Number of protein chains: 2
Amino acid sequence: MTSHTELDQHTFEHNHNQCVSLALDTAQQLCNERGVQLTTIRFQVLSLIWESHKAVKAYELLDRLRPLQAAAKPATIYRALDFLIEQGLIHRVESLNAFVGCRSSGQQHEQLLLICKLCEQVDERAATDVMTALLEELQQAGFMAHSKAIEIHGICANCSSK
Amino acid sequence: MTSHTELDQHTFEHNHNQCVSLALDTAQQLCNERGVQLTTIRFQVLSLIWESHKAVKAYELLDRLRPLQAAAKPATIYRALDFLIEQGLIHRVESLNAFVGCRSSGQQHEQLLLICKLCEQVDERAATDVMTALLEELQQAGFMAHSKAIEIHGICANCSSK
DNA sequence: AACTAATTGTTATATTATTACATCAGAACT
DNA sequence: AGTTCTGATGTAATAATATAACAATTAGTT
């Protein structure tokens, strides 16, 4: 018996277990290399986020963390999220006040986020051409960028083909 | 005696009064054309937003509206903001949960927002090349975009030259 | 063992936003 | 003029998101 969430993940016909393993292993390895601690709580929060490719709300994470960490409070979640964001392991989706796993933690973290209004899944794209044009634009404007958020809302390819 | 806010506006050496007049006149005209009502409250909120080129928080607007509208409550502000956003007269800055006037209300509304961490001013850029590359990327991804938020945080040209 | 820095526990509170229902004002109609 | 409809606003309550401050604990270092 497969949960709805699992089904959602399979619509893109990827092996989600493998997808998660890769993300968690990579996260662990990056933290080791960087000498920062992927503690139990942080790992659990990251795992919860990776349960789907949808953006998750902080308080929803809190509810789902509580069975594992009875003492969990808002600060518990927000601290874990802060850490994961700092380490580039997750994206904060600004336009949703929500969070989603980052598939390219090791490499460049600044990406296009494509947010589907139907299935709610968030896709990341490196979008090299867009980024190049963006850098050029920023250069022209004399603007020194520290962070970039590019979030597109709409209907994903999978959903529009249905 | 000039207020700090006014000084900020002059750092880009533009006539802010003229800048505001243009925005408000255009807003009024667009609303007329569209047969929607730019009511007193909505106009006041729009004016407050245009007092600077910084992104303003909803509750700050509320405080500043109250002298003009004693009965103003959160819903008052959020309704006005919803209207102004719908009409493309302001931008919601997702990464700040704040609002800023839109200088190109009549034309395309989806733009690059450059948000300075020092002076806090928000600059809009049509960034045609970026948008073209973005459309191409979305096309490739088969993603039907409904809305786009591109927000860059950093240091603006004016501030870095100081 | 003692010290230090990082992490977590805990409480309280701040900030941002929405919902629901009542009231009001103006336009359109009879 | 009265009636009805619609859109806008008044009002109260509450939901949802996020942070601050300080205490306690844990992990690494000396």
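Naming convention: chains lettered A, B, ... in sequence-line order (proteins, then strands); numbering from 1 in each chain. It should be emphasised that the depicted structure is a prediction, and the values quoted were computed from it without experimental measurement.
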Which nucleotide in the list C:dA17, C:dT10, D:dT11 gets nearest to the side chain of B:Tyr78? C:dA17
When you measure from the side chain of A:Lys73, which nucleotide among C:dT16, C:dT11, C:dT7 comes out closest? C:dT11
Determine whether a donor-acceptor pair (N or O, by modelled atom type, separation under 3.5 Å) exists between the side chain of A:Arg66 and the backbone of A:Ala72. yes
Nearest to the side chain of B:Thr76, which nucleotide is it out of C:dT18, C:dT10, D:dG10? D:dG10
Heavy-atom nearest nucleotide on DNA chain D for B:Arg42 versus B:Tyr59: which residue maps closer to 5'? B:Arg42
Interatomic distance, A:Leu61 CG vs D:dT17 P [rounded to whole Å]: 11 Å
Ignoring hydrogens and angles, tell me if any N or O in the side chain of B:Arg34 forms a donor-acceptor pair with the backbone of B:Gln87 under 3.5 Å. yes
Should B:Lys57 be listed as having a side-chain N or O under 4.0 Å from OP1 or OP2 of C:dT15? no
Mind running a 4.0 Å heavy-atom check of residues 82-101 of chain B against DNA chain D and sending the residues that fall below it, in number order? none
Rounded off to whole Å, could you give me the CD1-to-C1' distance for the A:Ile77 and C:dT7 pair? 15 Å
For the residue pair B:Ala71 and B:Thr76, what are the closest heavy atoms and their distance? O-OG1, 4.4 Å
Between C1' on D:dT9 and CG on B:Leu65, what's the gap in Å once rounded to a whole number? 12 Å
Rounded interatomic separation in angstrom, taking CZ from B:Arg66 and C1' from D:dT11: 13 Å
Tell me the interatomic distance from B:Gln37, atom CD, to C:dA27, atom P, rounded to whole angstroms. 8 Å
Is it the case that the side chain of A:Arg125 and the backbone of A:Leu113 share a donor-acceptor pair, with hydrogens and angles ignored and the cut-off at 3.5 Å? no
Grab the two heavy atoms, one from A:Ile115 and one from B:Phe143, that are nearest each other, plus how far apart they are. O-CZ, 3.4 Å
Any side-chain heavy atom of A:Lys57 within less than 4.5 Å of one from A:Leu62? no
Give each protein N/O atom lying under 3.5 Å from an N/O atom of nucleotides 20-26 of chain C, with the pair distance.
from	atom 1	to	atom 2	distance (Å)
C:dA20	N6	B:Arg79	NH2	3.3

In whole angstroms, the gap separating C1' of C:dT7 from CD1 of A:Ile41 amounts to 8 Å
Can you tell me the distance, in whole Å, between the CZ atom of A:Arg34 and the P atom of C:dA6? 17 Å
Please answer whether the main-chain N or O of A:Phe83 pairs with a side-chain N or O of A:Arg42 as donor and acceptor at a distance below 3.5 Å. no
Between A:Lys148 and B:Glu151, is the salt bridge (charged side-chain N to carboxylate O under 4.0 Å, His left out) condition met? List the steps. CA-CA 6 Å; A:Lys148 311 185 185 73; B:Glu151 302 180 3; over 6 Å; no
Taking atom CD as the centre, does B:Gln28 end up with more than 12 heavy-atom neighbours from other residues, nucleotides or ligands that are less than 6.0 angstrom away? yes
